[in-house]
Student: 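For reference, the structure I am asking about is given below.
Chain letters run A, B, ... following the sequence lines, proteins first and then strands; every chain starts at 1. Keep in mind the model is a prediction, meaning the values are calculated, not measured.
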Amino acid sequence: MQISRRTLLGGMLAAGTLPLVAGCGGDDAQPPATTKGGRLRAGLVGSTNESLNPNTVEYSAADVARYAAIFDPLALLVGGETVLVLAESIEPNADATRWTIRLHEGVTFHDGKSMTSADAVHSLRRAATDSESTYREAFADIKAADITVLDQRTFEVPLARPRGDFVVGMIAGLGSAVLPEGITDFTKPAGTGPFILQTYEPGKTAVLTANPNYFRGAPLLDELEVVSITDPIARFNALQAGQIDFAKDLSFAAARVARGNPELQVILGGPGNSNALGVSMNIQFAPFDNPRVRQAFRLAADRKKIVDTALSGFGEIGNDIVGKGLPGYNADLPQRDYDPDQARSLLRDAGEISVSIRAADTSAGVLDGIQVYLEQLKAIGVNASLARESTETYYGDLDKNNNTPILALGYINRPIIKHIGTWVVSTALVNTQGWKRPAYDAQFNEALATADPAKRQEILDDLQRQLYDEGGDVVWGFVQGPDGARRGLRGVQYAESNPTFEKASLG
Amino acid sequence: MTAIALLSAAGRRIARALVLLLVVSTLLFASVAVLPGDPATVILGVRATPSQIAALRAELHLDESPPLRYLYWLGQAVQGEFGTSVGTDRPVTDLIGDRLVATLTLGLLAFTVVIALSLPLGLWMGSRPGGRTDTGVSTASLLLLSVPEFVIAGLLLALFAFWLRAFPPVSLIPAGSGALSQPQLLVLPVLALVLPTAAWSTRLVRASVLDGHRLPHVEAARLSGMAESRVLLRHLLPSTLAPIGQVFALLAGFVVGGAIVVENIFGYPGLGTLLVAAVRQRNVPVVQTLGLLMAAAVILAFLLADLLTLAVNPTIRNQQR
């Protein structure tokens, strides 16, 4: 499933950017961990090019899990909340153009060296300026050359324009991971994280031991092994046979089997760690330039049925806005219900409607969801069909995707402020809704620049309401994982759909 | 005279083999080139920016014509430079290194077991056609041949890994060890490779042996009162060695192809899993190199079988070939 967490254009903003509790993540689906010791073996998708180099780490889910165990970022989005990690505080100046970051004291790398602002600044600079860095676009507003070190644990980051969402929209994530200054060899890197890398065989496995001096408290586990198993069936087989204790991304069928197996359990990351599924109607094209038609298409979706049928229940229904369960989501917008009668009457004046929905098997639940939705569209009198495409090429043609009347959508569920900046503003590279409103862009930029979280949230709420009322997306559900684990496993947390194990235990 | 003739025949075959490799490499290149989707976009993923895509396209020479790209690659390959894995600076040869050992282990083990099984079985069945062994094994092999390889692998998994819990379903080789140090991980993949291949090669050996029994000098030896075992060893076997050698060369092809399927089902960290992942990721240098490697293995097997035929069969050796 999706593993890359990079935003395309500068991130977006959301409320509550000034966090909050260090350490307590959002995933409360499991009881707290209790037993000490043991080795947890986790199986995730790998790739042919595994390495712990930050520029390429995100091509492999297994590598991301390893990277997150070895290094700490300044802040992270855990469960649905922004959490400060290496940063003790991140404070803006009056107009959110300079942010002062103060690091925790006494944090050391695995080789014993102290972590200081020099390391943090070096890492941030590299992420913002290295030609191969995947965070270059996300950090574009950072004036990297002008970052100033104030003392051993404090530094100041100047921005090219006011960004009230500096934490949620930019810094929270593995892009702000702090690596030792001057690091060049990534075969056995030393980080500050909860686990210390012992052996690494790219493409196969990595073995890590618990860091007894971890500044947030030593992990309960003794050892963590992260194995690359790319084939989903092999991954599930390994879980069933007890060769691994945790398997990321099971198929729905496998998850159903796991649910019925007393030795296994299914773990869901919550909507904060999910993918948003649905269809995207381009409002520049007929028949979707007619708001009544768009409304009808939204009311035609029996969201609960789609989630139960296509996602086997491993998800939550959506309300046409991305970002559910994450900072900034407007939970006050009334949940749209299934209303085929209203939908039919809205279409009465629109005449005969024929649509062909483009879709590919890009991730679990997409195609099945479209099939169910097609039936629901037919039930309201729409002549709807599926135009199936190959997975490899579906995302390739940007031009085509920006000019398709209706296609299947699958967004990584992000805080709404990040989502708007990537997919909704007129300058977005991919804008499948055809939403091009200069006034909206201006309002959004205002939200970005607002340092006060409450004021920013007001603007964000309005931006979401506009999409809710007039937008082209039908987001019927949020699909999570599902992941599998053996029954006793506890304490796995999720940061933007990547599992972390510092609080995990085997019983 | 014979030695020189043998050498020149060998030389001609080696030259032909090289030409064959060239043709294979062209076909490989062409087949990856026609795969849908822009390789740069597929490799970099959904969130790539136009500038990243442009940079990768330049690096992969994607804006030039396919024949030119092929020549670039060929020029590098003959110097022993098989390129770097796309998206990294890592040479392809690095990536292949220990996976090659893993696949060779699997393949050679399977190959040995197949020969050890099918040679004596085929000999016995061909010498006693219609007997109980012959009927039994022929039926069993027909069954195995009719079932697709991945179904056999699935059945093995269900029986041995899940029902009997005798062997692990995924070949997770612990860090720092090689495949041979964990023999229990090898059992199921080797079995999955051996069963369909042995079924097929047993039948072919049996057929060669049946033919061999009808050869005049074999009949003559038997009629002259020679003990059956001597007939088999001194007259039958040398005559059937050549066709059986060809059978085993074909085996190499089956084992190579079968290894790709089996490795992916069992998550075995060899060239098969690497190849599938590389094709998915449009990692052209890796696909090219692996494809060539596998083709070279098969071509080598046939070369050896041909040489065996030449060495063993005097009539062919003396003909102008």
Student: Evaluate the criterion side chain to side chain contact (heavy atoms under 4.5 Å, CB included) for residue pair A/L224 and A/V226; output intermediate values, then yes/no.
Tutor: CA-CA 7 Å; A/L224 171 68; A/V226 181; 4.0 Å; yes
Student: Would A/Y200 and A/D63 count as having a side-chain donor-acceptor pair, cut-off 3.5 Å?
Tutor: yes
Student: Which of the residues B/P168, B/A277, B/S171, B/G267 is involved in the greatest number of heavy-atom pairs with chain A at under 4.5 angstrom?
Tutor: B/P168
Student: Can you say whether A/S47 sits under 4.5 Å from chain B via the side chain, the backbone, both, or neither, judging by heavy atoms?
Tutor: both
Student: What part of A/E50 gets within 4.5 angstrom of chain B, counting heavy atoms only: side chain, backbone, both, or neither?
Tutor: backbone
Student: Scan A/N431, A/N401, A/T404, A/T432 and name whichever one has a side chain to side chain donor-acceptor pair (under 3.5 Å) with A/S280.
Tutor: A/T432
Student: Which bit of A/Q243 is near chain B, if near means a heavy-atom gap under 4.5 Å: side chain, backbone, both or neither?
Tutor: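 Its backbone and side chain both get close to chain B.
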Student: At a 4.5 Å cut-off on heavy atoms, which part of A/I229 comes close to chain B: side chain, backbone, both, or neither?
Tutor: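 Contact with chain B is through the side chain of A/I229 alone.
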Student: Could you go through the salt bridge (charged side-chain N to carboxylate O under 4.0 Å, His left out) check for A/R126 and A/E132 one step at a time?
Tutor: CA-CA 10 Å; A/R126 194 207 54 78; A/E132 292 180 346; over 6 Å; no
Student: Flag the pair A/R39 and A/D245 as a salt bridge only when some basic side-chain nitrogen lies within less than 4.0 angstrom of an acidic carboxylate oxygen.
Tutor: no
Student: Using non-hydrogen atoms and a 4.5 Å limit, figure out which bit of B/L185 sits close to chain A: side chain, backbone, both or neither.
Tutor: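 The side chain, not the backbone.
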Student: At a heavy-atom separation under 4.5 Å, does B/L172 approach chain A through its side chain, its backbone, both, or neither?
Tutor: both
Student: Considering only heavy atoms, which portion of A/N237 lies under 4.5 Å from any heavy atom of chain B: side chain, backbone, both, or neither?
Tutor: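 Both the backbone and the side chain of A/N237 come within 4.5 Å of chain B.
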Student: Is any NZ, NE, NH1 or NH2 atom of the basic residue among A/R486 and A/E263 found under 4.0 Å from an Asp or Glu carboxylate oxygen of the other?
Tutor: no
